[in-house]
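Okay, so here's the structure we're looking at.
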Amino acid sequence: MSLFLPKLNCKKDIDEVIKGVAEKVVVLRFGRDEDSACLQLDEILSKTAHDLSNMASIYIVDVDKAPVYTRYFDISYIPSTVFFFNGQHMKVDYGSPDHTKFVGSFKTKQDFMDLIEVIYRGAMRGKMIVQSPIDPQNIPKYDLLYHGI
């Protein structure tokens, strides 16, 4: 768990942040405090939060406390990071089948900072989907799980 990043504990808090933060990328990290991959990601997020404060607001969401969003974004793997800008869900083409979220931890602090900058600049130009600047070797690979098909 990151002591430096704000935590959102319910759907109402998440809704208020998504709708209320203007002209900044809202970063929602879905995961669990005790998970080692989440802790690794939290370290990167907290180290970059100050540097990105003009472009992004970063929040931690526990998957067990926000089941509505966990189901909506199909959070099957943790950590998963979802991005918004002015209330709109921002999608990123990572070269994987799922453009709605980043699954796993970023390899470097610079990868995360580059991604936020690309999302911010794209969103300011009215784009709803942007191309990931992260080296494909640094993007975790996973298979999509479809429940009940």
Side-chain angles (χ1 to χ4, degrees), residues 1-11 13-18 21 24-124 127-147:
M1 175 179 110
S2 174
L3 300 173
F4 303 110
L5 297 172
K7 222 172 174 182
L8 304 175
N9 292 313
C10 63
K11 181 185 180 305
D13 293 345
I14 297 169
D15 288 342
E16 285 176 4
V17 165
I18 290 171
V21 176
K24 281 186 176 183
V25 177
V26 173
V27 180
L28 300 179
R29 190 281 281 153
F30 288 86
R32 290 190 179 94
D33 291 343
E34 65 276 359
D35 184 77
S36 61
C38 292
L39 292 173
Q40 178 185 357
L41 178 55
D42 288 354
E43 183 178 342
I44 289 171
L45 298 178
S46 62
K47 284 181 178 178
T48 58
H50 179 70
D51 295 336
L52 295 171
S53 62
N54 292 336
M55 283 189 271
S57 296
I58 304 169
Y59 299 90
I60 303 296
V61 180
D62 190 313
V63 291
D64 300 319
K65 293 182 180 173
V68 171
Y69 279 108
T70 301
R71 281 191 308 276
Y72 182 76
F73 290 116
D74 190 29
I75 308 290
S76 303
Y77 297 109
I78 59 171
S80 289
T81 310
V82 181
F83 306 96
F84 291 88
F85 188 83
N86 288 345
Q88 296 291 320
H89 183 206
M90 293 298 297
K91 295 176 178 70
V92 182
D93 183 358
Y94 303 105
S96 68
D98 188 2
H99 301 332
T100 61
K101 60 188 172 286
F102 184 88
V103 177
S105 182
F106 296 93
K107 296 275 190 241
T108 67
K109 190 170 93 164
Q110 192 61 47
D111 282 346
F112 177 67
M113 293 176 73
D114 291 345
L115 180 61
I116 294 300
E117 185 175 352
V118 166
I119 293 171
Y120 180 77
R121 291 182 190 278
M124 292 300 279
K127 295 183 178 182
M128 300 312 294
I129 185 166
V130 295
Q131 186 72 37
S132 172
I134 302 172
D135 183 348
Q137 294 175 335
N138 288 350
I139 296 175
K141 303 293 184 245
Y142 63 94
D143 292 322
L144 290 177
L145 298 176
Y146 292 102
H147 301 289

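Note: hydrogens, waters and symmetry copies are ignored here, and every other heavy atom, side chains too, is used.
- Heavy-atom minimum distance, His99 versus Asp93: CE1-OD1, 3.2 Å.
- In this structure the side chain of Phe102 reaches within 4.5 angstrom of the side chain of Ile134, judged on heavy atoms.
- The heavy-atom pair separating Ile78 from Ile75 by the smallest distance is CG2-CG2, 3.9 Å.
- The side-chain heavy atoms of Met128 and Met90, taken from C-beta on, include a pair separated by under 4.5 Å.
- No donor-acceptor pair closer than 3.5 Å links the side chain of Lys109 to the backbone N or O of Lys47.
- At a threshold of 4.5 Å between non-hydrogen side-chain atoms, the residues Tyr72 and Val82 do not count as touching.
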Quiz item: Taking it one step at a time, do Lys7 and Asp33 satisfy salt bridge (Lys or Arg N to Asp or Glu O under 4.0 Å)?
Solution: CA-CA 11 Å; Lys7 222 172 174 182; Asp33 291 343; 2.3 Å; yes
Quiz item: What do the steps show when you test Leu115 against Tyr94 for side-chain contact (heavy atoms from CB on, under 4.5 Å), and what is the final call?
Solution: CA-CA 10 Å; Leu115 180 61; Tyr94 303 105; 4.1 Å; yes
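- Once rounded to the nearest 0.5 Å, the distance linking CD1 of Ile60 with CG of Leu45 reads 5.5 Å.
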Practice problem: Before giving the answer on side-chain contact (heavy atoms from CB on, under 4.5 Å), spell out for Tyr69 and Leu8 the whole-Å C-alpha distance, their side-chain angles and the decisive distance to 0.1 Å. | Solution: CA-CA 12 Å; Tyr69 279 108; Leu8 304 175; over 6 Å; no
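- Ring orientation note: the planes of His89 and Phe84 are tilted relative to one another, at an angle of 30° to 60°.
- Distance check, rounded to the nearest 0.5 Å: CD of Glu43 to CZ of Phe4 gives 11.0 Å.
- Between Ile116 and Phe83, some side-chain heavy-atom pair lies under the 4.5 Å cut-off.
- When every heavy atom of Cys38 is checked against every heavy atom of Pro79, the shortest pair comes out as SG-CB, 3.7 Å.
- For the atom pair CZ of Phe106 and CD of Gln40, the computed distance is 11.5 Å after rounding to the nearest 0.5 Å.
- Put simply, CG on Asp42 and OG on Ser105 are 8.5 Å apart, with the number rounded to the nearest 0.5 Å.
- Separating the CG atom in Leu41 from the CZ atom in Arg29 is a distance of 6.5 Å, to the nearest 0.5 Å.
- Side-chain atoms of Gln131 and Val118, non-hydrogen and from C-beta on, never get closer than 4.5 Å to each other.
- Shown here for Ala49 and Leu5, the closest heavy-atom pair between the two residues is CB-CD2, 4.0 Å.
- The closest side-chain heavy-atom distance from Ile119 to Phe85 is not below 4.5 Å.
- Separating the CD1 atom in Ile44 from the CD atom in Gln110 is a distance of 11.5 Å, to the nearest 0.5 Å.
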Quiz item: Given Leu52 and Val25, is the side-chain contact (heavy atoms from CB on, under 4.5 Å) satisfied, shown in steps?
Solution: CA-CA 10 Å; Leu52 295 171; Val25 177; over 6 Å; no
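- Annotation: side chain of Val27 is in contact with side chain of Thr81 (closest heavy-atom distance under 4.5 Å).
- Each of Ile14, Asn9, Asp15 was scored for a side-chain contact (heavy atoms from CB on, under 4.5 Å) with Lys11, with one residue passing: Asp15.
- Residues Val17 and Tyr59 form a side-chain contact, since some pair of their non-hydrogen atoms from C-beta on lies under 4.5 Å apart.
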